[in-house]
Amino acid sequence: MRGYGKIAEVDLTEGRVRVSDPDERLIRDFIGGRGWCAQIIFENLEGIIHGTHPSNVLVVATGPLAATGFLGGCKTSFAAISPQTGMYGDSSVGGYFGYMMRRAGFDALVIRGRASAPSYLLVDDGGVEVIEDQGLWGMSSKDADRALREKYGDCSVATIGVAGEKMVVYASINVDWGVRERRHSQAGRTGMGAVMGSKNLKAIVARGSGSVEVADQERLREVNRRLVQEVKSSPAYESWMKYGTNMTIEWANGVEALPAYNFQKTVYEYAEAISGKAVHESQAYVSACANCIIPCGHALKIDDDFVVVDYENLAMLGSNLGLRTLQEVAMANYLCDYYGIDTISAGSVIAFLIECFQRGLITRDELGFEITWGEADKIYKLIEMIAQRRGIGSLLAQGVKAVASYVKRGSEKFAMHVKCLEISAYDHRAATAMALSYATCDIGAHHNRSWAITYDVEAGRTSYGRDKAERVIYLQHIRPLFDMLGVCRLPWVELKIDPGIYAEAYSAVTGRETSLDELLKCSERVWNLVRIIAFLKKGISAKDDTLPARDFEDPVPEGETKGAILDREKFAALLRAYYELRGWDENGLPTPQKLMELGLNEALAKLHASIQEAGKTRIYEFEF
């Protein structure tokens, strides 16, 4: 089918590369990007031992709209069994990497094994090569990027830092550091940087000069022209050009959902100092991803360098840690990027540590120093200790659940994670749909999948109606669909663009007329497949679709939402409604009927075999 490139399967252990065409089912049922990642990992699941074992499979995949000239066609998914959660994990990144990989002729890389020495991959106009380079090992992500860029010129570079080398479980991947014309982005969540590190893979360089074959170029140009026109005429366009996601600080603080002091408070007294307005007044430059007219990368100057900030970084490293100035937050953000650490998880883990110290659950002897909220230099020190796995940093490098398991004494109550993934920057005690989004997110608590808090604000903050479950499911299908198509979701989610235009673009690129509903059915298929992976790999079921005890026991302390907490019984009823609407059973597993409806017969067979082996057939009885 037109609109698609090759798949390169890379065996790092043997140093071999095999190039093939994607099969028809992979294209038809899983589209690309995240969809391909999930299916390829499922196919290899039985051989994967754990997240940092050489048997793990790292999939790097973009989608059919990337590098076609279509607005926002730049997204790439990095996916594997997560070393952080033990189940399927992925992280989507913008910038130029997917654009360059597609121009080189490849839609996906499937990376197995472990190189015998530190190496990088070169993806270059129809070929993929494993290149040994021990000199890159030990470099920061920034320095490795610059060394490779000097060697290969006009390319895109994905690198890990020291944290990835040392397999910090929430190590990130940086893409295109320090190129002012290109947005510096991160694949931050679920520890994909640790997977690269475990494979002795320091970087991937993508360089291409080709083009993507489009079935109907004239139609694609017309669809893209309409999209650009709608984007530019949107009432919100100028604000997003000016502030990007950073203005969410003002919004979240205003609706009392901004996490402060490890999600103890929902309003931050210093929010104005780290706001979108503050960033705009201080920024050095802005940058955009490939094929985009919305420069959402807002860069601040840090000493002799720059750092791109966005809402999640400002909130999790700012209000959640009590940092009071934009420069302090920017430096913490810079250090996370420099070492290659997810800013969301880092902000959560350090906030948990500070609260534990305040409560006397961690001592000065254990930590090596005293700490309280807003002590910037000590927070910087902790980031370095995590990256280097030095002292208590070795414990913090394992994530907040592991730290709470070490501390015990009730600290589990305020360890803010779901399924081992730290919760991103929205307090949800007065936002029941957002709470459901976090509890049911397929990779652990991440807003990326279902940003439902705006619906809470519109429909009633503390209601538990069936409409909340319906909204969450819709978002869990449409938002990840953009990662399958390889295109940015911002024009849809923030500028209210009709999502049907993306189905038109897909039809033009591939030559196969496809409706939005058909694409959403593909996304539903992937959601259910990932749930099966979670059960097969880690036994994930209804018992795991829950939230930290703080959400049910510690009322919001102030403001208009003062006193708000989640009601356990009402939340359980909302979760049951969610399962029913999904076609899942009371244990949170897709029913045989649902899996067969979605064409996931192999997943059904493996699920049945797993349950039989565990002696639990009574909860999942069916006939083929």
Side-chain angles (χ1 to χ4, degrees), residues 85 87-88 257 263 401 412-413 415-424 426-457 459-480 523-524 526-535 538-555 564-595 598 607 611 616 619-620:
T85 67
M87 55 189 189
Y88 172 89
F263 287 84
K401 183 180 181 182
E412 299 90 344
K413 172 181 179 178
M416 304 304 289
H417 74 94
V418 174
K419 304 180 184 77
C420 299
L421 186 68
E422 290 77 15
I423 296 172
S424 53
Y426 299 94
D427 195 288
H428 42 278
R429 285 172 287 185
T432 53
M434 194 69 223
L436 182 66
S437 296
Y438 281 144
T440 61
C441 183
D442 61 339
I443 60 171
H446 191 27
H447 65 284
N448 167 286
R449 295 295 201 257
S450 174
W451 193 56
I453 193 167
T454 54
Y455 186 75
D456 285 311
V457 173
R461 299 287 293 270
T462 57
S463 68
Y464 291 82
R466 192 179 180 88
D467 61 302
K468 294 285 183 85
E470 290 172 342
R471 183 63 178 175
V472 167
I473 291 170
Y474 171 71
L475 291 173
Q476 288 176 341
H477 292 168
I478 195 165
R479 288 176 68 92
S523 189
E524 181 185 5
V526 174
W527 192 273
N528 280 264
L529 181 63
V530 170
R531 183 68 168 193
I532 297 301
I533 293 172
F535 178 80
K538 204 177 177 183
I540 295 296
S541 64
K543 70 184 186 305
D544 304 290
D545 293 336
T546 189
L547 295 158
R550 165 158 285 166
D551 292 331
F552 299 99
E553 298 174 9
D554 291 355
I565 53 172
L566 295 174
D567 183 290
R568 288 189 186 275
E569 291 187 6
K570 291 179 180 178
F571 187 75
L574 182 61
L575 186 61
R576 288 194 294 272
Y578 172 89
Y579 292 156
E580 180 186 338
L581 288 164
R582 274 217 167 274
W584 293 4
D585 66 18
E586 67 275 14
N587 299 290
L589 296 177
T591 62
Q593 294 78 13
K594 173 55 68 174
L595 293 175
L598 296 170
L607 177 61
I611 291 173
K616 298 176 182 177
I619 67 168
Y620 202 83

Which heavy atom of Leu581 sits nearest a heavy atom of Ala469, and at what distance?
CD1-CB, 3.8 Å
Would one find more than 12 heavy atoms of other residues, nucleotides or ligands at under 6.0 Å from atom NZ of Lys401?
no
Any ion pair linking Asp554 and Arg429 (charged N to carboxylate O, less than 4.0 Å)?
no
Does Arg449 reach the main-chain N or O of Pro480 with its side chain, forming a donor-acceptor pair under 3.5 Å?
no
Less than 4.5 Å apart, side chain to side chain, heavy atoms only: is that true for Arg461 and Met434?
no
Would you give the length of the straight line joining atom CD1 of Ile565 to atom CZ of Phe552, rounded to the nearest 0.5 angstrom?
9.5 Å
What's the spacing between Gln476 CD and Arg582 CZ if we round to 0.5 Å?
5.0 Å
Which residue is it: Asp545, Thr440, Thr85? I am looking for the one with a side chain to side chain donor-acceptor pair (under 3.5 Å) to Lys419.
Asp545
Rounded to the nearest 0.5 Å, how far does OG of Ser437 lie from CG of Asp456?
8.0 Å
How many angstroms lie between CG in Leu598 and CG in Asn528, if you round to the nearest 0.5 Å?
5.0 Å
Asp544 and Lys538, any side-chain heavy atoms less than 4.5 Å apart:
no
Would you mind reporting whether Leu475 and Trp451 have side-chain heavy atoms less than 4.5 Å apart?
no
Is there a side-chain contact between Asp551 and Phe263, using heavy atoms and a 4.5 Å cut-off?
no
Heavy-atom closest pair, residues Ala433 and Val472:
O-CG2, 3.4 Å
Look at the side chain of Asn587 and the backbone N and O of Leu589, then say whether any donor-acceptor pair between them is shorter than 3.5 Å.
no
Hey, does the side chain of Tyr438 reach the backbone of Ser424 with a donor-acceptor pair shorter than 3.5 angstrom?
yes
Return the minimal non-hydrogen interatomic distance between Ile423 and Ala445, and the atom names on each side.
CG1-CB, 3.5 Å
Go through Arg531 and Ile540 one step at a time and tell me if the side chain to side chain contact (heavy atoms under 4.5 Å, CB included) criterion holds.
CA-CA 8 Å; Arg531 183 68 168 193; Ile540 295 296; 3.9 Å; yes
Evaluate the side-chain proximity of Asp585 to Tyr579: yes if any heavy-atom separation is below 4.5 Å, no if none is.
no
Approximate separation, where rounding is to 0.5 Å, of Leu436 CG and His428 NE2
11.0 Å
Does the side chain to side chain contact (heavy atoms under 4.5 Å, CB included) test come out yes or no for Glu524 and Lys594, once each step is laid out?
CA-CA 10 Å; Glu524 181 185 5; Lys594 173 55 68 174; 2.9 Å; yes
Does atom NZ of Lys570 have more than 12 heavy-atom neighbours, drawn from other residues, nucleotides or ligands, at distances under 6.0 Å?
no
State the OG-CH2 distance between Ser450 and Trp527, to the nearest 0.5 angstrom.
7.0 Å
Which pair of non-hydrogen atoms, one from His446 and one from Leu421, has the smallest distance, and what is that distance?
CB-CD2, 4.2 Å
Flag the pair Asp427 and Arg550 as a salt bridge only when some basic side-chain nitrogen lies within less than 4.0 angstrom of an acidic carboxylate oxygen.
no
Kindly give the heavy-atom pair with the smallest separation between Ala542 and Gly588, and that separation in Å.
CB-N, 4.0 Å
Does Tyr464 reach the main-chain N or O of Asp567 with its side chain, forming a donor-acceptor pair under 3.5 Å?
yes
Any Thr432 side-chain heavy atom under 4.5 Å of Phe571 side chain:
no
Could you tell me whether a side-chain N or O of Lys468 sits under 3.5 Å from a main-chain N or O of Gly460, the two making a donor and an acceptor?
yes
